[in-house]
Amino acid sequence: MSLVLYNDLTRTKEPFIPVRKGHVGFYSCGPTVYDYFHIGNARPFIVFDVLRRYLEYSGYTVTFVQNFTDIEDKMIARANREGITVRQLADRFIGEYYKDADALGVRRANHNPLATEHMDEIIGLVSTLIEKGHAYEADGDVFFDVSSFPKYGALSKQSLEELQSGARIEINERKKHPLDFALWKAKKEGEPSWPSPWGEGRPGWHIECSAMSMKYLGETLDIHSGGTDLTFPHHENEIAQAEAATGKPFVKYWIHNGYLLIDKEKMSKSLGNFLTARAALEKFPARAIRFFMLSAHYRSPINFSEESLLQAKSAMERLDNCWSDLGHAITNRKKGERTEGNETAALFPALEEKFRAVMDDDFNTAAATGVLFDGVKTVNTYLKESDLPDPAVLEAAETFFRKLDSVMGILPPEASGEEGESAGIEKLIAERNEARKRKDFSRSDEIRDELAARGIVLEDTPEGTKWKKKG
RNA sequence: GGCGGCAUAGCCAAGUGGUAAGGCAGAGGACUGCAAAUCCUUUAUCCCCAGUUCGAAUCUGGGUGCCGCCUCCA
């Protein structure tokens, strides 16, 4: 088995074969850093983080690039409103991006290029396009000439005529074709600008991704991802810019995630129906948010709701219980225990194989969560039925969870031992167990309630009383 | 108008020809001083109609409903 990906360019699932054997160049469109990102924006960050991790799990060396758009209309508008520079605004929200993305368990990219730091590459690309007759200057603006690029519309499967007929774009007299788009915008009053062969100005939005992705990943990328709303025009334009300039295929696999909906409607800043990732993180554990995102296929729309997140949270608690029970069993294992658990131990590699199979099929994280919980069930059943667990089973189980978690990133973090607190809790538990021996249940329940008020949950098991923090 | 997506149990959601994964919630049982956790049992003929097929949630045609893109947007 090997990975098969749904390629939006061909609208079919295709075997994944990278340009360079063993290596993957992966570019994902990043945020415009004019505000906190919302939970809908978080979807691609999380799902493509998982795809990247899966590629690494599968043995590829991945170069993952995600840009920050730091010069753009909304950036300028907000900076002016707040009386700060665009650069200051960008610095601020890049910092905020990392806070939230880190909290969500999104691994950092290998490169996070900024448009404003790649003016040479951008201007170089625009110059090439003009030289090759694919772009033209008009009063300090430079436009891409869509009619010079026959493949235009290949990604969105629309002809120029079809695209135009439904278009709601403003007529611009200086454009040769209504769908021509800006590569370079002449400076306006109150806007940051950079020198260029066409005068002072700033880059259009689409050009930065073409220029920066090719700089870091070469002229043909393996994977380019983003939200499905970027298919047109953003990604269509990226293809036009890159391929008109290089004459080579720009991207082998285009993948787009479905929207996150709220009240059955797309969550977006312009609709005003958004919840920032930060606000979501205050309400729900990050791992529950990740699990929620992974519980549906990445191309399907998912509906964000309080109920869905609470369900995800409960599912995580089940995983936590299993993981902590497994940890207890491992910590407390004794020498000379049984070693006849081979059959059970063998279940885990088989489950991992299943995980691999479903993930290889266009990255089916929803099915993968099923496999994860098959593992949970297997562990729970084994621990219940086995008084003296076979270390081989425990190790196989732990390996299974760690391997899957290297991709999904939803296991609880390692318990941080706050020494003093633990000792105090242990003491109370001992006192409670004394009371239970005396059958002084009112005292023992009092202690349990006291701990519960501190978020400590007790479990009486044949091996003694366990405690854990309730998240 | 063009392009595209979705419709599976109370809720979330896999499954694309051989009689429905997984999670949440519910019910009954086991265990427990009571709990908690866990285990066992239990809860669906897959939007509707017609067709193809020995056989369809899965293919074809038609219908209904919902959503998105074609403008900034993950």
Side-chain angles (χ1 to χ4, degrees), chain A residues 8 11 28-32 37-48 72-74 153 156-159 161-170 179 205 225-234 236 256-261 264-271 274 291-292 294-297 299-303 305 307-322 324-325 354 358 361 364-377 379-385 436 439-442 444-445 448-449 452 457-462 465-468 470:
Chain A
D8 266 318
R11 298 204 172 156
S28 199
C29 283
T32 300
F37 66 86
H38 63 64
I39 196 70
N41 301 126
R43 185 173 189 193
F45 302 153
I46 291 170
V47 298
F48 297 131
E72 191 265 348
D73 292 354
K74 292 192 291 286
S156 38
K157 304 286 182 281
Q158 300 266 291
S159 68
E161 293 69 39
E162 288 164 342
L163 284 165
Q164 211 183 138
S165 67
R168 288 167 280 169
I169 46 182
E170 285 175 36
L179 289 170
W205 174 41
S225 67
T228 186
D229 48 352
L230 296 185
T231 305
F232 189 90
H234 186 55
E236 195 74 69
H256 295 99
N257 63 278
Y259 293 119
L260 183 142
L261 310 175
K264 297 284 172 85
E265 234 186 358
K266 175 180 170 182
M267 180 182 285
S268 79
K269 295 212 173 113
S270 39
L271 291 172
F274 65 92
F291 181 79
F292 166 72
L294 298 179
S295 67
H297 187 88
R299 282 191 282 119
S300 307
I302 49 175
N303 197 44
S305 69
E307 191 186 357
S308 289
L309 269 291
L310 290 175
Q311 288 181 2
K313 190 179 166 193
S314 298
M316 286 300 91
E317 281 165 11
R318 180 167 156 80
L319 178 64
D320 291 358
N321 287 331
C322 176
S324 93
D325 288 348
K354 200 171 160 195
V358 298
D361 182 10
N364 190 341
T365 57
T369 64
V371 178
L372 178 72
F373 279 93
D374 286 342
V376 167
K377 178 71 152 266
V379 168
N380 286 339
T381 303
Y382 182 73
L383 290 180
K384 179 184 169 60
E385 290 175 351
R436 290 175 70 213
K439 301 215 185 288
D440 181 358
F441 295 120
S442 63
S444 81
D445 288 349
R448 186 166 65 194
D449 291 346
V457 180
L458 301 186
E459 285 178 35
D460 297 321
T461 75
T465 301
K466 294 194 278 193
W467 66 273
K468 66 183 179 189
K470 181 120 173 139

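Heavy-atom basis, side chains included; hydrogens, waters and symmetry copies ignored. The sequence lines fix the lettering, A, B, ..., with proteins before strands; numbering per chain opens at 1.
- Scanning all heavy atoms of the two residues, the minimum distance from A:Asn303 to A:Phe292 falls at O-CZ, 3.5 Å.
- Nucleotide B:C72 has no partner under the Watson-Crick or G-U criteria, as no pair reaches both atom distances under 3.5 Å.
- Base pairing analysis places B:A50 opposite B:U60; the two distances defining the Watson-Crick or G-U wobble pair are each below 3.5 Å.
- The side chain of A:Asn364 has B:A14 as its nearest neighbour among B:U38, B:A14, B:G22.
- Distances from the side chain of A:Arg43 to the nucleotides B:A14, B:A74, B:C67 place B:A74 closest.
- Of the nucleotides present, B:U42 is the one that pairs with B:G26 by Watson-Crick or G-U wobble criteria, both distances under 3.5 Å.
- Taking atom C1' on both nucleotides, B:C3 is separated from B:C46 by 28 Å, rounded to a whole Å.
- For A:Met267, counting side-chain heavy atoms from C-beta on, the closest listed nucleotide (B:C3, B:G15, B:A74) is B:A74.
- Across all strands shown, A:Asp73 has no heavy atoms under 4.0 Å from either base or sugar-phosphate atoms.
- At B:A35, none of the side-chain N or O atoms of A:Arg436 fall inside 4.0 Å of OP1 or OP2 (strictly under the cut-off).
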Ignoring hydrogens and angles, write down the donor-acceptor pairs under 3.5 Å from the side chains of residues 364-371 of chain A, residues two or more places apart or on other chains.
from: A:Asn364; atom 1: OD1; to: A:Ala366; atom 2: N; distance (Å): 3.3
from: A:Asn364; atom 1: OD1; to: A:Ala367; atom 2: N; distance (Å): 3.0
from: A:Thr365; atom 1: OG1; to: A:Leu294; atom 2: O; distance (Å): 2.8
from: A:Thr365; atom 1: OG1; to: A:Ala296; atom 2: O; distance (Å): 3.4
from: A:Thr369; atom 1: OG1; to: A:Ala366; atom 2: O; distance (Å): 2.6

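- One can find a donor-acceptor pair under 3.5 Å joining the base of B:C73 and the side-chain atoms of A:Lys266.
- Across B:C40, B:C69, B:A21, the shortest atom-to-atom separation from the side chain of A:Lys377 is found for B:C40.
- Using a 4.0 Å heavy-atom criterion, one finds that A:Ala296 contacts the sugar-phosphate atoms exclusively.
- Rounded to the nearest Å, the gap between the C1' atom of B:A14 and that of B:U53 is 26 Å.
- Here the OG-CG distance, from A:Ser156 to A:Asp8, works out to 10.5 Å after rounding to the nearest 0.5 Å.
- Side-chain atoms of A:Ser225 and A:Ser28 form a donor-acceptor pair, as typed in the model, at a separation below 3.5 Å.
- Applying the side-chain hydrogen bond (donor to acceptor under 3.5 Å, both in side chains) criterion to A:Gln158, with sequence neighbours excluded, gives no partner residue.
- Both A:Gly30 and A:Asp445 lie close to RNA chain B; mapped to their nearest nucleotides by heavy-atom distance, the more 5′-ward contact belongs to A:Asp445.
- The side chain of A:Ala367 sits closest to B:A14 out of B:A14, B:A37, B:A74.
- Comparing A:Gly227 and A:Gln158 along RNA chain B, the residue whose closest nucleotide (by nearest heavy atom) sits nearer the 5' end is A:Gln158.
- As judged by a 4.0 angstrom heavy-atom cut-off over every strand, A:His38 is placed among the base-contacting residues.
- Between B:A13 and B:C24, the distance separating the two P atoms is 15 Å to the nearest Å.
- Dashed line: the shortest gap from a side-chain N or O of A:Asn257 to OP1 or OP2 of B:A74 is not under 4.0 Å.
- In this structure, A:Pro31 reaches neither bases nor backbone, as no heavy-atom distance under 4.0 Å exists between it and the strands shown.
- At the heavy-atom level, A:Leu230 lies under 4.0 Å from the strands shown only through sugar-phosphate atoms.
- Distance from the side chain of A:Glu72 is smallest for B:C72 among the nucleotides B:C70, B:A74, B:C72.
- Taking A:Lys157 as the reference, nothing meets the salt bridge (Lys or Arg N to Asp or Glu O under 4.0 Å) condition, with sequence neighbours excluded.
- Straight-line distance between the C1' atoms of B:G28 and B:U45: roughly 25 Å, to the nearest whole Å.
- Here the separation of B:C31 from B:C40, taken at their P atoms, is 16 Å to the nearest Å.
- Using a cutoff of 4.0 Å between basic side-chain nitrogens and carboxylate oxygens, A:Arg448 and A:Asp445 are scored as salt-bridged.
- Listed pair A:Lys354 / B:A14 fails the phosphate criterion, with no side-chain N or O lying under 4.0 Å from OP1 or OP2.
- Under the 3.5 Å distance criterion, with hydrogens and angles disregarded, no donor-acceptor pair is assigned to the side chains of A:Thr32 and A:Glu72.
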Would you give a per-nucleotide map of nucleotides 4-12 of chain B, 5' to 3', where B means the base has a protein non-hydrogen atom under 4.0 Å away, S means only the sugar-phosphate does, and - means neither? S------BS

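- The nucleotide B:G17 finds no pairing partner, because no Watson-Crick or G-U wobble arrangement with both distances shorter than 3.5 Å includes it.
- A gap of 23 Å separates the C1' atoms of B:U16 and B:G68, to the nearest Å.
- Remark: A:Lys384 is not in phosphate contact with B:A30, judged by side-chain N or O atoms under 4.0 Å from OP1 or OP2.
- Base pairing of B:G65 is made with B:C6, judged by Watson-Crick or G-U wobble geometry with both donor-acceptor distances under 3.5 Å.
- Nearest nucleotide to the A:Thr381 side chain, out of B:C40, B:C34, B:C69: B:C40.
- Under the stacking criterion of a centre-to-centre distance below 5.5 angstrom and an interplanar angle below 30°, A:Phe373 is not stacked against the six-membered ring of B:G22.
- A:Thr231 and A:Asp229 form no side-chain donor-acceptor contact under 3.5 Å, judged by distance and modelled atom types alone.
- When heavy atoms are screened at a 4.0 angstrom cut-off, A:Phe232 is found touching the sugar-phosphate backbone but no base atom.
- A:Gly40 comes within 4.0 angstrom of a base, heavy atoms only.
- The A:Asp460 side chain lies nearest to B:C34 when the options are B:G22, B:A74, B:C34.
- Across all strands, A:Ser270 comes closer than 4.0 Å to base atoms (heavy-atom distances).
- Remark: A:Arg11 engages no residue in a salt bridge (Lys or Arg N to Asp or Glu O under 4.0 Å) (not counting sequence neighbours).
- In this view, A:Ser314 satisfies the side-chain contact (heavy atoms from CB on, under 4.5 Å) rule with no residue, not counting sequence neighbours.
- At the phosphate of B:C73, OP1 or OP2 sits under 4.0 Å from a side-chain N or O atom of A:Trp205.
- Comparing the C1' positions of B:G62 and B:C11 gives an interatomic distance of 31 Å, to the nearest angstrom.
- Of the P atoms belonging to B:G33 and B:A44, the separation is 36 Å, rounded to the nearest Å.
- Residue contacts shown for A:Leu260 include a base, since a base heavy atom lies under 4.0 Å away.
- In this structure, of B:A13, B:A36, B:G23, it is B:A36 that holds the atom nearest to the side chain of A:Glu459.
- The nucleotide whose nearest atom lies closest to any side-chain atom of A:Ser314 is, among B:C24, B:G33, B:A74, B:C24.
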